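Worth saying up front: this structure is predicted, and the values here are computed from it rather than measured. One-based numbering, in listed order, for ligands and for the atoms of each.
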Amino acid sequence: MTAKIETLQRYTRLAPVIPVVTIDDPRMSIDLAQALVQAGLPVVEITLRTSGAMDAIAAIAKAVPEAVVAAGTVLTKSQIAEVVDAGAKFIVTPGTPFRLAEQLAEASIPVMPGCATVSEAMTLGSLGFEILKFFPAAASGGAAWLKSLQGPLPKLSFCPTGGIDLASAPTYLSLANVPCVGGTWVTPADLLRKRDFSRIQELAREAAALRRPT
Ligand SMILES: O=C(O)C(=O)C[C@H](O)[C@H](O)COP(=O)(O)O
């Protein structure tokens, strides 16, 4: 196992849930990351869907060392270099075309590439990735899909994301090939807009209590 996979394995076992955050104002990112860390969710994925996302990643990486900040929605080769420069600890993609997968394999930080089919999972496995994002999880077969892969692809594990909430997370987390799940339910857009960090912390505490990794 490579050092990058070992590191990613450690990150994905820090907490049962990775909040997926789309942030408009990077100035709130430090308060948000601190709130999540305090509530027991130290790993946070900032999606590159907004102009402020890169600054948010950089701010968290610099000011909240207890947090593990991931860059999500990485779609291009140039974004790989940018998020590494910003201080992201690992990279997440929603899906992984082959060319991007080859470029991600060369990244200096760990990568959790996205897949939604068995063939995609096998392709990523052949490139050396062992921990994959399963996206969109609920729409692509849910926990039953993940369970079906335990036999044929025992080396791979998955962070399912997409359509998961507090109620459905335990079913995923009960699977041996699922160290954690991802989702936006902990940091919904309306609470972020209102900067309601105390409600976000309540949601984060509930999520952190789902299953403490062993
Ligand atoms: O854009 C990306 O790269 C993503 O990471 C997609 C997100 O993981 C999903 O949008 C999760 O969204 P929910 O279904 O609301 O939990």
Parallel, tilted or perpendicular: which fits the ring planes of Phe158 and Trp145, with parallel below 30° and perpendicular above 60°?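 Taking Trp145 first and then Phe158, their aromatic rings stand perpendicular (interplane angle over 60°).
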
Answer with yes or no whether the hydrophobic clustering places Val20 together with Leu75; edges join I, L, V, M, F, W, Y residues whose side-chain heavy atoms lie under 4.5 Å apart.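 Different clusters: Val20 never reaches Leu75 through Ile, Leu, Val, Met, Phe, Trp or Tyr contacts under 4.5 Å.
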
Would you say Ser168's side chain and Ile164's backbone share a donor-acceptor pair under 3.5 angstrom?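 Side chain of Ser168 to backbone of Ile164: no pair is present.
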
Does any non-hydrogen side-chain atom of Val44 lie less than 4.5 Å from one of Val21?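 SC-SC contact between Val21 and Val44 confirmed.
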
Between the protein and ligand 1, which nitrogen or oxygen pairs come in under 3.5 Å, and how far apart is each?
from: ligand 1; atom 1: 1 (O); to: Arg49; atom 2: NE; distance (Å): 3.2
from: ligand 1; atom 1: 1 (O); to: Arg49; atom 2: NH2; distance (Å): 2.7
from: ligand 1; atom 1: 1 (O); to: Thr73; atom 2: OG1; distance (Å): 2.9
from: ligand 1; atom 1: 3 (O); to: Thr73; atom 2: N; distance (Å): 3.3
from: ligand 1; atom 1: 3 (O); to: Thr73; atom 2: OG1; distance (Å): 3.0
from: ligand 1; atom 1: 5 (O); to: Glu45; atom 2: OE2; distance (Å): 3.1
from: ligand 1; atom 1: 5 (O); to: Lys133; atom 2: NZ; distance (Å): 2.5
from: ligand 1; atom 1: 8 (O); to: Lys133; atom 2: NZ; distance (Å): 2.9
from: ligand 1; atom 1: 10 (O); to: Arg49; atom 2: NH2; distance (Å): 3.0
from: ligand 1; atom 1: 14 (O); to: Gly163; atom 2: N; distance (Å): 2.7
from: ligand 1; atom 1: 15 (O); to: Thr184; atom 2: OG1; distance (Å): 2.4
from: ligand 1; atom 1: 16 (O); to: Thr184; atom 2: N; distance (Å): 2.9
from: ligand 1; atom 1: 16 (O); to: Thr184; atom 2: OG1; distance (Å): 3.3

Using salt bridge (charged side-chain N to carboxylate O under 4.0 Å, His left out) as the criterion, point out the one residue from Asp25, Asp31, Asp190 that pairs with Arg195.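 Going through the options one by one, the only one that passes is Asp25.
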
Do other residues, nucleotides or ligands put more than 12 heavy atoms under 6.0 Å from Arg199 CZ?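 Atom CZ in Arg199 is crowded, with more than 12 foreign heavy atoms closer than 6.0 Å.
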
